[in-house]
2 protein chains.
Amino acid sequence: MKQDTNNAADLVILEAAENLFLEKGFALTSTTEIAKVAGCNQALVHYYFRTKERLFDAVFEKYAGLFISTLVQKTEDDISFEEKVRRKADTLFDLLKTNPRIPFLFFNELNTNPGRLSLLEEKIAGVSAAFMLQMESEIQVEIEKGAIRPMTATDLMFTILSLNLLLFLSAPVLKVMLGMSDTAFQHLIENRKRENITVILKSLRP
Amino acid sequence: MKQDTNNAADLVILEAAENLFLEKGFALTSTTEIAKVAGCNQALVHYYFRTKERLFDAVFEKYAGLFISTLVQKTEDDISFEEKVRRKADTLFDLLKTNPRIPFLFFNELNTNPGRLSLLEEKIAGVSAAFMLQMESEIQVEIEKGAIRPMTATDLMFTILSLNLLLFLSAPVLKVMLGMSDTAFQHLIENRKRENITVILKSLRP
DNA sequence: TGCAATTTTAATAGTACTATTAAATAAACA
DNA sequence: TGTTTATTTAATAGTACTATTAAAATTGCA
């Protein structure tokens, strides 16, 4: 592999693969191209990862872990429910801003390769159940106080996810449609962040 | 082509292609497979459509037209603004319910093949501008009345689209994650329809 | 019926991709 | 240094796919 880097070859390959998968998805990315971007022979990709599938799994698992752990992260205790919701949306938004192409990759691959679902399933099962139960009970308290309207934790999480995910899923379309520069688009993103949080918080109202 | 149908061959091919594209996307669908599903020789696919790309464009344009025209459809005049919003969300939801895989196909292809964007762009340009202006002025009236909070037509449309699109984009994931039967999933969908409309209407509040 | 146009097929050229293998090179180490 | 181990490459087997072509089958119609 290239001598101008002290990274281990497998990491260089992994990074090249990651970028290409994020750009074009699994099907349209070839190991030949990954090798070219990584600056090595195509056989080396297979030497380290055996199959293109395993290489993809490595990328997929990395980000699945990152997203899931962020989503189920417990917020501080000594803040209001509204503030907790705000922070949850905020954290998700920032994670997406740093990894804007991940939703595309996930939806694409989960839709085309149902087998990948089971991989995600086992990863999510334990952690999410605990988190959702906790949230459910907090919501129940708020409802009984009359602070928010009747709803479930699933309802709320789905709203938060929908608003934030779709922004980044549609980013490439929006950029072209609105003929925006990258900085103009950053502004739109920030505006929409505020709008998303507004919608989420208003949606709680009794 | 199969003799047990009186459909023209090109329509049978188009329908087969449509189903496969919706199931697996452009890249993972081969003309060989399309032919097999259509019950004809693979060369016939190329005889009628010349390239796989053109065949895809036919499917893409059909649904782009359907979705765009539904989205910019003017609602009746003699109903309240809130009712207009409700009906817009309602119509979109029903369209998605009838064509649940279209969002996946669109996002997938617009993300992987940026060239397709220009095709969509010209289709959308004229009609959407007029619709959005109309909506913008109606919103302005409501804001001045103090009936709704300050917001733009883009804000509102984005909220409506986010909530409804993501439900169907994530359907395959949800089905597996929640281990649901098809009928149980239909229930979830209908519940979420109500929830979406609730969120949208609450988000208008001053 | 017989001819012309259309539709369908078999065969295949050409390309690209995944994965493997065996050989070459470099690193580790005693 | 010499030998073992790990890394990298060139070569290639094997497969699948798009698109074309020429011939066969079918259809429409004079």
Side-chain angles (χ1 to χ4, degrees), chain A residues 1-61 105 108-109 112-116 119, chain B residues 1-61 105 108-109 112-116 119:
Chain A
M1 166 126 335
K2 282 293 170 54
Q3 56 279 43
D4 59 9
T5 164
N6 53 1
N7 288 109
D10 58 343
L11 290 185
V12 178
I13 290 169
L14 195 64
E15 201 194 320
E18 189 176 308
N19 290 331
L20 288 167
F21 285 146
L22 286 171
E23 188 187 327
K24 316 193 291 180
F26 180 78
L28 293 177
T29 301
S30 70
T31 54
T32 311
E33 198 180 1
I34 292 171
K36 204 171 67 192
V37 170
C40 71
N41 188 284
Q42 177 261 354
L44 201 60
V45 176
H46 292 273
Y47 171 74
Y48 280 115
F49 296 93
R50 239 184 59 72
T51 68
K52 183 178 152 188
E53 190 77 24
R54 281 171 188 276
L55 180 48
F56 183 85
D57 287 346
V59 176
F60 190 82
E61 284 209 54
L105 192 62
N108 193 352
E109 296 313 319
T112 53
N113 186 340
R116 202 104 52 197
L119 208 147
Chain B
M1 167 130 331
K2 283 293 169 56
Q3 57 278 42
D4 59 9
T5 164
N6 53 1
N7 289 107
D10 58 343
L11 290 185
V12 179
I13 290 169
L14 195 64
E15 201 194 319
E18 190 176 307
N19 290 331
L20 287 167
F21 285 145
L22 286 170
E23 189 187 326
K24 316 192 292 180
F26 180 78
L28 293 177
T29 301
S30 70
T31 53
T32 310
E33 199 181 1
I34 292 170
K36 205 171 65 191
V37 171
C40 71
N41 188 285
Q42 177 260 351
L44 201 61
V45 176
H46 292 273
Y47 171 74
Y48 279 115
F49 295 93
R50 239 184 58 72
T51 68
K52 184 179 151 188
E53 189 79 23
R54 281 170 187 276
L55 180 49
F56 183 84
D57 286 347
V59 176
F60 190 81
E61 284 209 52
L105 191 62
N108 194 353
E109 296 312 319
T112 52
N113 185 341
R116 202 103 54 199
L119 209 147

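In what follows, every chain begins at residue 1, and chains take the letters A, B, ... in the order their sequences are listed.
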Less than 4.0 Å between a side-chain N and a carboxylate O, is that true for B:E61 and B:R54? no
What are the two closest non-hydrogen atoms of [X] and [Y], and how far apart are they?
X: B:T31; Y: B:Q42; value: OG1-NE2, 3.4 Å
X: B:D57; Y: B:R116; value: OD1-NH1, 3.1 Å
X: A:E33; Y: A:L28; value: OE1-O, 4.2 Å
X: B:A16; Y: B:I34; value: CB-O, 3.8 Å

Separation of atom [atom1] in [X] from atom [atom2] in [N], rounded to whole Å:
X: B:I34; N: D:dA19; atom1: CD1; atom2: C1'; result: 13 Å
X: B:K36; N: C:dT9; atom1: NZ; atom2: P; result: 15 Å
X: A:E33; N: C:dT15; atom1: CD; atom2: P; result: 19 Å
X: A:Q42; N: D:dG14; atom1: CD; atom2: C1'; result: 14 Å
X: A:N41; N: C:dA22; atom1: CG; atom2: C1'; result: 13 Å

Close approaches to DNA chain C from residues 47-56 of chain B, in residue order (heavy atom, under 4.0 Å): B:Y47, B:Y48
Taking only N and O in the side chain of B:H46, is any of them less than 4.0 Å away from OP1 or OP2 of D:dT18? no
The nucleotide from C:dT18, C:dT9, D:dT9 with an atom nearest the side chain of A:S30 is C:dT18
Could you check which of C:dT20, D:dT21, D:dT9 has an atom nearest any side-chain atom of A:L44? D:dT9
Report yes or no: does B:K52 contribute a side-chain atom to a donor-acceptor pair with the main-chain N or O of B:F26 at less than 3.5 Å? yes
